[in-house]
Amino acid sequence: MSEERSLNFLEEIIEEDLKNGKYKTIVTRFPPEPNGYLHIGHASSICLNFGLTQKYPGYTNLRFDDTNPVTEETEYVDSIKEDVKWLGFEWKHERYASDYFETLYEFALKLIDKNLAYVDDISAEEMAAMKGTPTEPGKDSPFRNRSVEENRDLFVRMKNGEFPDGVRTLRAKIDMAHINMLMRDPILYRIKHAHHHRTGDKWCIYPMYDFAHGQSDSIEEITHSICTLEFVPHRELYDWLIEKLEIYPSHQYEFARRNINYTVTSKRKLLQLVNEKHVTGWDDPRMPTISGLRRRGYTPESVREFCDRIGVAKRDNMVDVGVLEFCVREHLNRIALRRMVVFDPLKIVITNYTKDEEILLSENNPEDENGGSREIPFSKEIYIERDDFMEVPPKKYFRLAPGQLVRLKSAYIIKCEEVVKDAAGNITEVHCSYIPESKSGEDTSGIHVKGTLHWVSVRHAVKATVRLYDRLFRVEDPTDEAGDFKEYLNPDSLQVLPVVYAEPSMKQAVLPERYQFIRKGYFVLDRDSDNDNLVFNKTVGLKDAWAKEVKKG
RNA sequence: UGACCCAUGGUGUAAUGGUAACACUACUGAUUUUGGUUCAGUCAUUUAAGGUUCGAAUCCUUAUGGGUCAACCA
C-alpha cells in the first residue's frame with residue numbers, strides 16, 4: 001500500500017529542513033488582500049499552504065494583507081473566510097497585517113534610528129524620474145541625507161496627520177544604483193488619509209507591501225512564506241529588511257501561478273467583469289471564483305483534486321479547463337442522483353398502452369449499490385428529447401426513427417410507428433407501440449436495442465428552469481490577445497431554458513444535493529429557486545461521444 | 001539592450017548521473033438499460049549546439065525561446 005508519490009520542490013525543501021533539524025515544525029500562511037473574491041488560482045495556493053502543514057507537522061495561518069485601505073472591504077474578508085472553509089481547510093490563527101500596524105511603526109522607527117530609512121519630500125513623478133531604469137542607475141533624492149533626528153521628527157509628524165496625502169514618504173536607504181530596481185530606496189510608508197476597514201481613522205500612514213508582508217511573516221514566525229513568481233525580485237528586499245530589523249528570519253519561496261485557459265484569474269479583471277455587469281456578480285457560475293464554482297455546482301473535493309493534479313512548479317503554464325471538468329465529473333459521477341429531465345420535448349403517444357399509469361422504479365446511482373431507487377410514473381403520453389428522434393436518421397444513429405426500436409430508461413422498449421405533422425410540416429408528435437414483455441427488470445422479450453432514452457410522463461412532468469453555461473471567453477488566453485480582454489468574452493456563455501420537464505421526484509430537489517440529468521449532465525439547484533419554480537445550474541456536461549461523431553461527419 | 005526566473009508528448013506534473021513515468025486530452029476497440037461509467041490499447045530519441053562522463057532530461061558553456069522587474073498596488 002506504499003503510494004510512492006514524488007515530492008514537489010517545496011516539499012523537498014521542507015523535508016530537507018526537517019531532516020537537517022532547521023525546523024521541528026513548519027508554519028505557513030495564506031495571505032490574501034481583501035480586495036476581491038478568491039479564485040481558482042487562490043485555491044492552488046490554499047491547497048499548497050494548508051496541504052503542506054497537513055502533510056508535515058505545523059500549522060497554517062490565514063492572514064489578510066490589508067495595508068491599502070482604499071481597496072479593501074469587510075465584504076471581501078467574509079467571502080475569503082467562507083471560501084477557505086468551504087474548501088475544507090482550517091487555519092490556526094486569523095491575522096491581519098493591520099494587527100501589526102503599531103509594531104510596524106516601531107520597526108520603521110528602528111530603521112530610522114539605524115540611519116537605514118529617511119523621509120523623502122519629492123513627488124511621485126520626481127521619484128519615478130529619479131528611479132532610473134533597469135539599465136541605468138537612479139539618482140539620490142536631495143532629502144536622502146537628512147539627519148536621524150529630522151527623519152524621526154518628520155516621520156512622527158507624518159503619523160500624526162500633519163501632512164496631506166502624497167507629500168512625503170518614508171523610504172529605505174539602500175542603493176539608488178542597485179541592479180535590482182526594488183532595492184533603489186523602496187518606499188516603506190505612504191500617507192493616506194483613508195478609512196481602514198478595521199483600524200478606522202486611527203492611522204493616516206500605511207506600510208507598503210514590502211514593509212508589511214515579510215514583517216508579518218516574521219512576527220508570526222512563518223517558516224516557509226510561499227508566494228508566486230512575480231515576487232522573486234522582492235525576496236532580496238524581504239531578506240534585507242529582516243536582517244536590518246533583526247527579527248525572526250522567515251524565508252520566501254516562489255512558485256508559478258496556475259493559469260487556466262478560456263478564463264482570466266486576476267482580481268482586477270474579475271472586478272471589471274463584475275462592475276461592468278458582464279456577469280451577475282462575483283459568484284456568477286461562469287466566474288472562476290471559488291464562490292462561482294460553488295454556485296456552479298463544483299464540490300470542494302473536486303477543486304482540491306484539481307489543485308492536486310496540476311501540482312506546483314516554477315515554469316509558466318496554461319492548464320486546460322478540461323482537467324478541472326474531469327475532476328468534477330469524476331466526483332459527481334460517484335455522488336450525483338440520476339434523474340430524468342427533458343429539455344426540448346417531443347410528445348410520444350404509446351398507442352397500445354391501455355393502463356392509466358404505472359409506477360416504475362429506477363436506481364438513483366448505478367455507481368452506488370446502496371444508493372437506492374425512486375419511483376417514476378409512466379403513462380400513455382410521454383416526452384422525449386426532440387433530438388432523440390430523426391425522421392431520416394444518419395448512419396450509426398441508434399435513437400428513435402421510423403420503424404426503429406429504442407428503450408425508454410427503466411421502462412419499456414418502444415417502436416416508432418407513425419410521425420404526426422402539422423400543416424406546416426413540423427413534427428407535432430410521434431406514435432409508438434410498446435412491448436409489454438420488455439419492462440425493465442423483468443424483460444422476457446429477448447430483444448436488444450442499442451439506444452436508451454430518458455423520458456418524462458407528460459401528465460406528471462414538473463416544470464423547471466435550467467441555466468446552461470459555456471466558457472466565459474472565446475479564446476484560450478484573453479490577456480494575450482490584442483486590445484481589451486473583454487472583447488473576447490463569449491456572447492453565448494449563458495443560455496437559459498425557461499421551461500424544461502422533469503420527473504416528479506424533482507419537486508423534492510434540495511440545494512446541497514447534486515443531480516445527474518441522465519444523458520444531459522450534472523446539475524445543482526440554484527439559490528434563485530422558489531416554491532413556484534426550481535432553477536438548476538449546469539455544472540458540467542457528460543462526455544458526449546455521439547456529438548463528436550456527428551461533428552466528424 | 002541589464003538583472004533575475006524558466007524550458008520534458010497537445011496539456012500538466014515526474015524521473016535528483018544508470019535504458020523517459022503518471023494523469024488529462026485525442027484516437028482505437030470491448031462492456032454497458034445513460035453514445036455516461038468501467039476496461040484494454042495507441043500517441044516524446046527531453047528547445048539547439050558543444051563539453052564533462054563508461055553513461056546526461058539531470059552537471060558545465062553558449063545560443064534560442066518564454067516570463068518577470070522602472071505603482072505612494074499587492
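Side chains included, hydrogens not; waters and symmetry mates left out as well; all remaining heavy atoms used. A, B, ... follow the sequence lines: proteins, then strands. Residue 1 opens every chain.
Nucleotides B/C69 and B/A63 place their C1' atoms 24 Å apart, quoted to the nearest Å. Distance check on atom C1': B/G65 versus B/A48 gives 10 Å, rounded to whole Å. Spacing of C1' atoms, B/A57 relative to B/U42, comes out at 24 Å, to the nearest Å. Taking atom P in both B/U11 and B/G17, one finds a spacing of 27 Å when rounded to whole Å. A gap of 33 Å separates the C1' atoms of B/U31 and B/A14, to the nearest Å. Across the C1' atoms, B/A56 and B/A23 are found 26 Å apart, a figure rounded to whole Å. Taking atom P in both B/G9 and B/U45, one finds a spacing of 10 Å when rounded to whole Å.
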Passes salt bridge (Lys or Arg N to Asp or Glu O under 4.0 Å), A/Glu363 versus A/Lys409? Steps please.
CA-CA 10 Å; A/Glu363 76 279 359; A/Lys409 170 72 183 168; 3.0 Å; yes
Could you walk me through whether A/Phe155 and A/Tyr105 pass the ring pair (Phe, Tyr, Trp, His ring centres under 6.0 Å) test, one step at a time?
CA-CA 10 Å; A/Phe155 185 56; A/Tyr105 176 71; 5.3 Å; yes
Would A/Tyr209 and A/His213 satisfy ring pair (Phe, Tyr, Trp, His ring centres under 6.0 Å), going step by step from the backbone distance to the final call?
CA-CA 6 Å; A/Tyr209 166 84; A/His213 201 102; 5.0 Å; yes
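Aromatic rings from A/Phe536 and A/Phe523 are positioned such that their centres are separated by 6.0 Å or more.
Within 3.5 Å, no donor on the side chain of A/Glu367 pairs with an acceptor on the base of B/U38, nor the reverse. At a cut-off of 3.5 angstrom, the base of B/A3 holds no donor-acceptor pair with the side chain of A/His178.
From A/Ile222, atom CD1 reaches atom CG of A/Asp217 across 5.5 Å, with rounding to the nearest 0.5 Å.
Distance A/Asn259 CG to B/G67 C1': 11 Å, rounded to the nearest Å. The separation between A/Lys314 atom NZ and B/U8 atom P is 15 Å, rounded to whole Å. As a whole-Å value, the separation of A/Glu254 CD from B/C69 C1' is 13 Å. In this structure, A/Phe231 places its CZ atom 12 Å from C1' of B/C69, rounding to the nearest Å. Atom pair A/Phe398:CZ and B/G36:P shows a separation of 8 Å (rounding to whole Å applied). Between the CD atom of A/Glu136 and the P atom of B/A3 there is a distance of 15 Å, given to the nearest Å. B/A70 atom P lies 15 Å from atom CD1 of A/Ile179, rounded to whole Å. The CG atom of A/Leu188 sits 12 Å away from the P atom of B/A74 (whole-angstrom rounding).
At B/G35, one or more side-chain N or O atoms of A/Arg519 fall inside 4.0 Å of OP1 or OP2 (strictly under the cut-off). Contact between the side-chain N/O atoms of A/Arg190 and the OP1/OP2 oxygens of B/C73 is found at a separation under 4.0 Å. Side-chain nitrogen and oxygen atoms of A/Thr67 include none within less than 4.0 Å of the OP1 or OP2 phosphate oxygen of B/C73. Residue A/Lys131 places no side-chain N or O under 4.0 Å from the OP1 or OP2 atom of B/C69. At the phosphate of B/U13, OP1 or OP2 sits under 4.0 Å from a side-chain N or O atom of A/Arg315. Taking side-chain N and O atoms only, A/Lys548 has a distance below 4.0 Å to OP1 or OP2 of B/A26. Distances shown here put every side-chain N or O of A/Arg329 at or beyond 4.0 Å from the OP1 or OP2 atom of B/C24.
The two atoms that bring A/Phe473 and A/Thr263 nearest to each other are CD1-CA, 3.8 Å, heavy atoms only.
A stacked arrangement is not assigned to A/Tyr209 and the six-membered base ring of B/A74, the conditions of a centre distance below 5.5 Å and an interplanar angle below 30° not being jointly met.
Residue contacts shown for A/Val449 are absent, as no nucleic acid heavy atom lies under 4.0 Å away.
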